[in-house]
Amino acid sequence: MDDKGPTGSVGPPLRIAFSTLAFPDIPLASAVSLGRRWGYAGVELRLIDGELIDPSMSTADRAQVRRTVIAAGLPVVAVDSSIRLTGEDPGPDLRRFLELASDWESPLVRVFGGALAAAPAERQEQLRAAARVLESCVPLARRLGVAIGVETHDDFSASSVVAELLALFDSEGAGPDWVGAVWDSHHPYRVGETPADVYANLGRRILLAQVKDARRRPDGDWELVLLGEGEVPVREMLGLLAAGAYGGWISVEWEKRWHPEIEEPEEALPQHLEVLAEWMEVKP
């Protein structure tokens, strides 16, 4: 296995994938077939046949997923877990997800940071413990060729917090090429960061860029909207990634599973692809 990691490399032009989170009610085979038909070039696996991924799934079920994505001609750009690094003993599940990702020839497992305490001393110990979890999984990640991406989400929504964790991890000397960040366009903006802030904090450690748009409601909550109809500065995000020679995937995360009231994927996913193609000056 080549030890050159996925971070910091200049790859091909920006590529556009979609998350199966958009399809809570149909089989994986139908979801990837639709995505391919609409012009997407890759798939981010969050749901399989409408369900969250079970890291203990059988060998037969793993093989069926592999056959399905191969038949669709779509590479798996990431395998999304619900792992929270500050949770109870996340290491075993993370290792199982790394094996799953390897089976499906995916370069990335997405994890969440989780909850952080308000008390500074407790918070710091939680960050150190999360860094140790990552460190313990790097030998397997390196052997399999699968990186781990910590998403800007939950108490790690601010990229500055993800960067803090990555700095602690790096200080252990465990192999920074195999641990990086997943930039969710919405959450850092929601907590007051600009795309420039995120890129300054995470830069070459960005392994995947997830895009979604949203706008604040009068009650202060957020509603997801079609791309370009909200206030999340996705276009600025894309410009920074392009200027920095980001060679990874752009993935559309249409959260139909969590927000059943939003538009159907048959409307939203083609719309996102059309807008992204225009903004990125490529044809879908």
Side-chain angles (χ1 to χ4, degrees), residues 14 16-25 31 35 38 40 43-47 52 77-78 80 82 84 110-115 149-162 181-202 206-242 246 248-280 284:
L14 297 178
I16 306 175
F18 71 96
S19 168
T20 55
L21 198 57
F23 295 101
D25 301 317
W38 294 330
Y40 282 91
V43 60
E44 181 182 356
L45 290 181
R46 178 57 163 147
L47 304 179
L52 298 176
V77 307
D80 291 351
S82 298
R84 285 162 170 79
R110 189 283 309 277
V111 300
F112 297 132
V150 183
E151 184 174 329
T152 52
H153 188 272
D154 47 51
D155 283 356
F156 291 72
S157 290
S159 63
S160 59
V161 181
V162 177
V182 174
W183 182 359
D184 177 297
S185 63
H186 180 213
H187 294 302
Y189 179 75
R190 178 178 58 78
V191 298
E193 288 188 334
T194 66
D197 293 331
V198 178
Y199 197 81
N201 287 330
L202 300 177
I206 297 166
L207 301 177
L208 178 69
Q210 295 176 336
V211 298
K212 63 170 72 76
D213 204 352
R215 59 176 168 243
R216 264 180 289 245
R217 298 197 303 242
D219 63 4
D221 205 351
W222 291 82
E223 59 180 348
L224 299 179
V225 296
L226 296 175
L227 189 58
E229 296 184 5
E231 60 182 89
V232 179
V234 174
R235 193 167 190 171
E236 182 182 349
M237 169 190 187
L238 296 172
L240 287 165
L241 290 170
Y246 171 72
W249 288 86
I250 305 297
S251 186
V252 172
E253 191 179 41
W254 189 245
E255 297 185 343
K256 187 69 172 175
R257 165 69 180 248
W258 310 131
H259 302 279
E261 75 282 359
I262 62 179
E263 288 84 351
E264 296 300 319
E266 289 82 0
E267 177 183 355
L269 290 188
Q271 188 269 350
H272 277 68
L273 188 59
E274 181 178 359
V275 173
L276 285 172
E278 178 186 343
W279 286 354
M280 296 161 59

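Note that this is a predicted model, so its numbers are computed, not measured.
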One pair to check against side-chain contact (heavy atoms from CB on, under 4.5 Å): Tyr189 and Met237. What are the steps and the verdict?
CA-CA 11 Å; Tyr189 179 75; Met237 169 190 187; over 6 Å; no

Applying ring pair (Phe, Tyr, Trp, His ring centres under 6.0 Å) to Tyr199 and not counting sequence neighbours gives none

Is there side-chain contact between [X] and [Y], with at least one heavy-atom pair below 4.5 Å?
{"X": "Leu241", "Y": "Ile250", "result": "yes"}
{"X": "Leu238", "Y": "Met280", "result": "yes"}
{"X": "Leu273", "Y": "Leu269", "result": "no"}
{"X": "Ser82", "Y": "Leu52", "result": "yes"}

Measure the spacing between [atom1] of [X] and [atom2] of [Y] and express it to the nearest 0.5 Å.
{"X": "Asp184", "Y": "Glu151", "atom1": "CG", "atom2": "CD", "result": "4.5 Å"}
{"X": "Trp183", "Y": "Tyr246", "atom1": "CH2", "atom2": "OH", "result": "10.0 Å"}
{"X": "Asp80", "Y": "Leu45", "atom1": "CG", "atom2": "CG", "result": "8.0 Å"}
{"X": "Leu240", "Y": "Leu202", "atom1": "CG", "atom2": "CG", "result": "12.0 Å"}
{"X": "Lys212", "Y": "Leu226", "atom1": "NZ", "atom2": "CG", "result": "14.5 Å"}
{"X": "Trp258", "Y": "Glu253", "atom1": "CH2", "atom2": "CD", "result": "10.0 Å"}

Go through it in stages, so that I can follow the logic: the residues are Leu208 and Arg110, the test is side-chain contact (heavy atoms from CB on, under 4.5 Å), and I'd like the CA-CA distance, side-chain angles, deciding distance and then a yes or no.
CA-CA 9 Å; Leu208 178 69; Arg110 189 283 309 277; 5.8 Å; no

Say whether, by atom type as modelled, one donor and one acceptor occur between the side chain of Asp154 and the main chain of Gly114 under 3.5 angstrom.
yes

Is a donor on one side and an acceptor on the other found under 3.5 Å between the side chain of Gln271 and the backbone of Leu227?
yes

Quick check: closest heavy atoms across [X] and [Y], and the distance to 0.1 Å?
{"X": "Thr20", "Y": "Arg46", "value": "OG1-N, 2.9 Å"}
{"X": "Asn201", "Y": "Ser160", "value": "ND2-N, 3.5 Å"}
{"X": "Val232", "Y": "Ser185", "value": "CG1-O, 3.4 Å"}
{"X": "Gly113", "Y": "Val150", "value": "N-CG1, 4.2 Å"}
{"X": "Arg190", "Y": "Ser157", "value": "NH2-OG, 3.0 Å"}
{"X": "Ala214", "Y": "Leu224", "value": "CB-CD2, 4.0 Å"}

Pairing residues for Arg215 by the side-chain contact (heavy atoms from CB on, under 4.5 Å) criterion, not counting sequence neighbours
Glu223, Val225, Glu229, Glu231

Parallel, tilted or perpendicular: rings of Phe23 and Trp38 (30°, 60°)
parallel

My understanding is that only one of Tyr40, Phe18, Trp254 makes a ring pair (Phe, Tyr, Trp, His ring centres under 6.0 Å) with His272; could you say which?
Trp254

Please enumerate all residues that pass side chain to side chain donor-acceptor pair (under 3.5 Å) together with Glu44, with sequence neighbours excluded.
Gln210, Ser251

